[in-house]
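Numbered from 1 within each chain, the chains take letters A, B, ... in sequence-line order.
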There are 2 protein chains.
Amino acid sequence: MDPKSELPLALRAAYHALHRTSDARFAEHGVTADQFVLLATLARGDALTQRELAARMPSDPSTVRAMLVLLEKRGLVERNTHPTDNRARTVALTKAGQQKYQQVWKAGQSIREQMVSSLTAQEARSLVKLLRQVAQSQADNSPVMATASTETGN
Amino acid sequence: MDPKSELPLALRAAYHALHRTSDARFAEHGVTADQFVLLATLARGDALTQRELAARMPSDPSTVRAMLVLLEKRGLVERNTHPTDNRARTVALTKAGQQKYQQVWKAGQSIREQMVSSLTAQEARSLVKLLRQVAQSQADNSPVMATASTETGN
DNA sequence: TATTGTTATACTCTATAACTATA
DNA sequence: TATAGTTATAGAGTATAACAATA
């Protein structure tokens, strides 16, 4: 009845449904849905540092590091010294990583098709926009940033 | 640009943002965001079996069982024999579980407020509807149900 | 001093498969 | 035969805190 109460659960249910079908589909390629997101993030922006990668996924730097260790062992990802900042390391897909990414992207094609097939073109565009607004609202909330003007009665 | 490509990542980003702010907010109450979903599911439907609970969350029965073991240890949940089916066990909140649920529900109030504050009332309603369509589309995909009419070129 | 990344550590969630007991 | 739940097991993701090296 009340969108305010239902939105969080609806968001969770939709994401979990996507996550599970993706994991199932990607399993035969040996990558998880989250690993695919990491690969996809690397595929679109090159030579990111680990922190940049974490920020874009989005995820936690130490979580990303754990994932990178796994992917590096399997030769899908490589980490090199940063050209100008010796603290940092750049992360990039290896040749094998690029191939794997394209493979899994194709494997996920029908999942994405199925997803938008339940929507009109306009609904799909609208949904993406609304999801971004929601994500942004949480990002504004998440940092230390005390409860400023967000106090509510009830 | 292309909603079909962006929708999965936008959905993930929005959910993760919500999940992280929720975990952070609920931490002082000693429950995770996922545990809260379980408590909330029990709070609205009484005397569910474990399978019903898993189906509604939604989640995997064995995942739910692991969560129940944790929550039972802490006295928030109790499992009893099913009145008519001796295989099954009914799950319900204890008194302490009900209190905890209400506590955490209140703690999450401002998160939910913040979430809908980024949307008009109509957008919020629309978003819930679209998320359900998306979740449904994945549910149709998820079971064994081979690739029937979902084949696509590209 | 602040920042990047590493290390150590711990816990939750997730899921499969083999199994027991009951329907 | 099918279903509800348990057990054992494994791995992935998540995150915090202390630390080293560099900016």
Side-chain angles (χ1 to χ4, degrees), chain A residues 12 15-28 30-39 47-55 57-74 76-77 79-91 142 144, chain B residues 12 15-39 47-55 57-74 76-91 142 144:
Chain A
R12 180 183 188 274
Y15 171 71
H16 272 232
L18 170 66
H19 196 264
R20 257 179 306 137
T21 57
S22 299
D23 265 347
R25 184 68 56 86
F26 297 167
E28 66 177 297
V31 301
T32 67
D34 291 306
Q35 287 169 353
F36 174 70
V37 171
L38 193 158
L39 296 179
L48 299 169
T49 65
Q50 293 186 194
R51 293 190 100 80
E52 287 167 342
L53 176 58
M57 288 189 56
S59 193
D60 187 89
S62 71
T63 301
V64 167
R65 197 238 171 205
M67 295 175 72
L68 286 175
V69 169
L70 290 177
L71 293 170
E72 201 172 29
K73 263 184 210 158
R74 298 177 44 201
L76 300 178
V77 146
R79 290 184 286 174
N80 301 300
T81 58
H82 192 280
T84 66
D85 185 342
N86 282 340
R87 294 171 306 182
R89 302 177 71 172
T90 61
V91 190
S142 145
V144 184
Chain B
R12 180 183 189 274
Y15 170 72
H16 271 231
L18 169 66
H19 195 264
R20 258 178 306 136
T21 58
S22 299
D23 264 347
R25 184 68 57 87
F26 298 167
E28 65 176 298
H29 298 281
V31 301
T32 66
D34 291 305
Q35 287 169 354
F36 174 70
V37 171
L38 192 157
L39 297 179
L48 299 170
T49 65
Q50 294 186 195
R51 294 190 100 79
E52 286 166 344
L53 177 57
M57 287 189 57
S59 193
D60 186 90
S62 71
T63 300
V64 167
R65 196 239 170 203
M67 296 176 73
L68 285 175
V69 169
L70 290 177
L71 293 170
E72 200 171 30
K73 264 184 210 157
R74 297 177 45 200
L76 300 178
V77 146
E78 61 184 11
R79 291 184 285 175
N80 299 300
T81 58
H82 192 280
T84 66
D85 186 342
N86 282 341
R87 294 172 306 184
R89 300 177 71 171
T90 61
V91 190
S142 149
V144 183

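- Under 4.0 angstrom from either OP1 or OP2 of dT6(C) there lies at least one side-chain N or O belonging to Arg65(A).
- Closest approach to the Met67(A) side chain among dA15(C), dA23(C), dT14(D) is made by dT14(D) (side chain taken as heavy atoms from C-beta onward).
- Side-chain N/O atoms of Asp34(B) and Thr32(B) include no donor and acceptor closer than 3.5 Å.
- The two atoms that bring Gln50(A) and Arg65(A) nearest to each other are NE2-CG, 3.8 Å, heavy atoms only.
- Here Ala88(A) lies in heavy-atom contact (under 4.0 Å) with sugar-phosphate atoms only.
- Contact annotation: His82(A) side-chain N/O to dG5(C) OP1/OP2 distance is not under 4.0 Å.
- The CG-P distance, from Asp60(A) to dT7(C), rounds to 17 Å in whole Å.
- For Arg51(A), the side-chain atoms get nearest to dT4(C) when compared with the rest of dT4(C), dT14(D), dC13(C).
- Ring geometry for His16(B) against Tyr15(A) counts as perpendicular: the plane angle is over 60°, on a 0 to 90° scale with 30° as the lower cut.
- A close approach under 4.0 Å does occur between a side-chain nitrogen or oxygen of Ser59(A) and OP1 or OP2 of dT14(D).
- Here His16(B) lies in heavy-atom contact (under 4.0 Å) with sugar-phosphate atoms only.
- Arg79(A) pairs in a side-chain contact (heavy atoms from CB on, under 4.5 Å) with only one of the listed residues (Val69(A), Leu71(A), Thr90(A)), which is Val69(A).
- Checking Asp34(A) against Glu52(B), the closest nucleotide of DNA chain D that is more toward the 5' end is the one next to Glu52(B).
- Checking dT22(D), dT12(C), dA15(D) against every side-chain atom of Gln35(B), the shortest atom distance belongs to dT12(C).
- When distances run from any side-chain atom of Arg87(A) to the nucleotides dT3(C), dT14(D), dA15(C), the shortest one goes to dT3(C).
- Of the candidates dA15(D), dT12(C), dA4(D), the closest approach to any side-chain atom of Asp85(B) belongs to dA4(D).
- Each of dA15(C), dG5(C), dC13(C) was ranked by its minimum atom distance to the side chain of Arg20(A); first place goes to dA15(C).
- To the nearest 0.5 Å, atoms CZ (Arg20(A)) and CG (Asp60(B)) are separated by 7.5 Å.
- Checked by distance alone, Ser62(B) brings a side-chain donor or acceptor within 3.5 Å of a matching partner on the base of dA15(C).
- Taking 4.0 angstrom as the limit, Arg89(B) places none of its side-chain polar atoms (N or O) nearer than this to OP1 or OP2 of dT3(D).
- Checking dT6(C), dT12(C), dG13(D) against the side-chain heavy atoms of Gln50(A) singles out dT6(C) as nearest.
- In this entry the distance linking CG of Leu71(B) with C1' of dC11(C) reads 14 Å, nearest Å.
- At a cut-off of 3.5 angstrom, the base of dA12(D) holds no donor-acceptor pair with the side chain of Thr32(A).
- Between Asp23(A) and Pro61(A), the residue anchored nearer the 5' end of DNA chain C, judged by the nucleotide with its closest heavy atom, is Pro61(A).
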